[in-house]
Asks: 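Just passing along the structure, written as structure tokens.
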Amino acid sequence: MPEKTTFTYREKSYTLSDADRNGQIIEAHCRYCNLTHNFRPADLIAVLGDQKTYSIETHMTCQKCKKKDYISAKLRSYDGSYIGKLPIRELVEVYYVKKSRWKNGVL
């Protein structure tokens with residue numbers, strides 16, 4: 001079956017806050033190094049802002065291989081049987097690195 005290339009209006013207007021309200025999980029998978037992580041939408045809102053769900057994968061980078069091109073992200077809904085079994089990647093803190101750039105000049 002061919003891959004879907006277009007999005008409906010409803011899919012384009014669905015944001016991370018909508019997914020959080022509905023209790024969904026974001027599953028991010030790197031096809032290069034075969035690594036999968038599950039995220040809560042509220043954690044991704046703190047890092048990325050309230051993005052549209054169809055464009056999340058363009059803002060994510062694999063933390064193992066550092067590649068952006070191979071990330072695929074999907075919305076998943078899990079039932080009660082997964083409670084206590086599904087590994088979730090949780091946000092601990094957000095910090096920013098302050099860097100300086102210098103230029104040599106003549107007095």
Side-chain angles (χ1 to χ4, degrees):
M1 190 162 153
E3 197 171 310
K4 186 176 176 181
T5 57
T6 59
F7 296 98
T8 63
Y9 176 74
R10 178 171 285 176
E11 289 172 330
K12 285 184 180 180
S13 63
Y14 199 73
T15 61
L16 285 173
S17 60
D18 295 330
D20 190 37
R21 255 193 317 275
N22 293 333
Q24 293 177 313
I25 299 292
I26 308 294
E27 181 185 87
H29 177 74
C30 178
R31 294 182 305 265
Y32 186 79
C33 62
N34 200 22
L35 183 69
T36 302
H37 288 294
N38 296 310
F39 298 95
R40 288 193 176 111
D43 293 341
L44 291 179
I45 289 171
V47 176
L48 303 174
D50 196 13
Q51 298 285 330
K52 306 285 186 191
T53 54
Y54 74 92
S55 67
I56 295 171
E57 52 199 32
T58 60
H59 300 286
M60 299 181 89
T61 304
C62 179
Q63 292 184 347
K64 184 177 179 184
C65 65
K66 308 290 187 220
K67 296 186 186 292
K68 290 181 96 168
D69 303 333
Y70 300 97
I71 296 288
S72 66
K74 296 179 183 175
L75 283 172
R76 298 282 187 192
S77 296
Y78 292 104
D79 59 358
S81 65
Y82 284 95
I83 294 176
K85 299 175 186 172
L86 184 69
I88 295 283
R89 194 137 208 222
E90 294 184 4
L91 180 67
V92 176
E93 69 174 326
V94 177
Y95 63 92
Y96 298 96
V97 178
K98 191 172 185 178
K99 292 185 178 182
S100 299
R101 197 169 84 179
W102 297 89
K103 182 173 121 179
N104 293 332
V106 178
L107 183 64

Asks: Side chains of L75 and I26: does their closest heavy-atom pair fall under 4.5 Å?
Replies: yes

Asks: Test side chain to side chain contact (heavy atoms under 4.5 Å, CB included) on Q24 and N22 and set out the steps.
Replies: CA-CA 6 Å; Q24 293 177 313; N22 293 333; 4.3 Å; yes

Asks: Distance from K66 atom NZ to C30 atom SG, nearest 0.5 Å?
Replies: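 Separation between the atoms: 11.0 Å.
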
Asks: Could you give the side-chain donor-acceptor pairs of residues 39-50 under 3.5 Å, partners two or more places apart or in another chain?
Replies:
residue : atom : partner : partner atom : Å
R40     : NH1  : E90     : OE2          : 3.1
D43     : OD2  : L91     : N            : 3.4
D50     : OD1  : L16     : N            : 3.3
D50     : OD1  : S17     : N            : 3.0
D50     : OD2  : S17     : OG           : 2.9

Asks: Check which hydrophobic residues are tied to I25 through side-chain heavy-atom contacts below 4.5 Å, counting indirect links as well, and list them.
Replies: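 Besides I25, the hydrophobic cluster comprises Y78, Y82, L86, I88, listed by chain and residue number.
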
Asks: OG1/T58 to NZ/K52 distance, rounded to the nearest 0.5 angstrom?
Replies: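 Result: 13.0 Å between the selected atoms.
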
Asks: Roughly how far apart are T15 OG1 and Q51 CD, rounded to 0.5 Å?
Replies: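 The CD atom of Q51 is 10.0 Å from OG1 of T15, to the nearest 0.5 Å.
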
Asks: Rounded to the nearest 0.5 Å, what's the gap from SG on C62 to NE2 on H37? Could you check?
Replies: 7.0 Å

Asks: Pairs of donor and acceptor atoms involving the side chains of residues 97-107, under 3.5 Å and at least two apart or interchain, shall be tabulated with distances.
Replies:
none

Asks: Given the rule that I, L, V, M, F, W and Y join up when any side-chain heavy atoms are under 4.5 Å apart, are L35 and I71 in one cluster?
Replies: no

Asks: Does any N or O in the side chain of E57 come within less than 3.5 Å of the main-chain N or O of S72, such that one atom is a donor and the other an acceptor?
Replies: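 Side chain of E57 to backbone of S72: no pair is present.
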
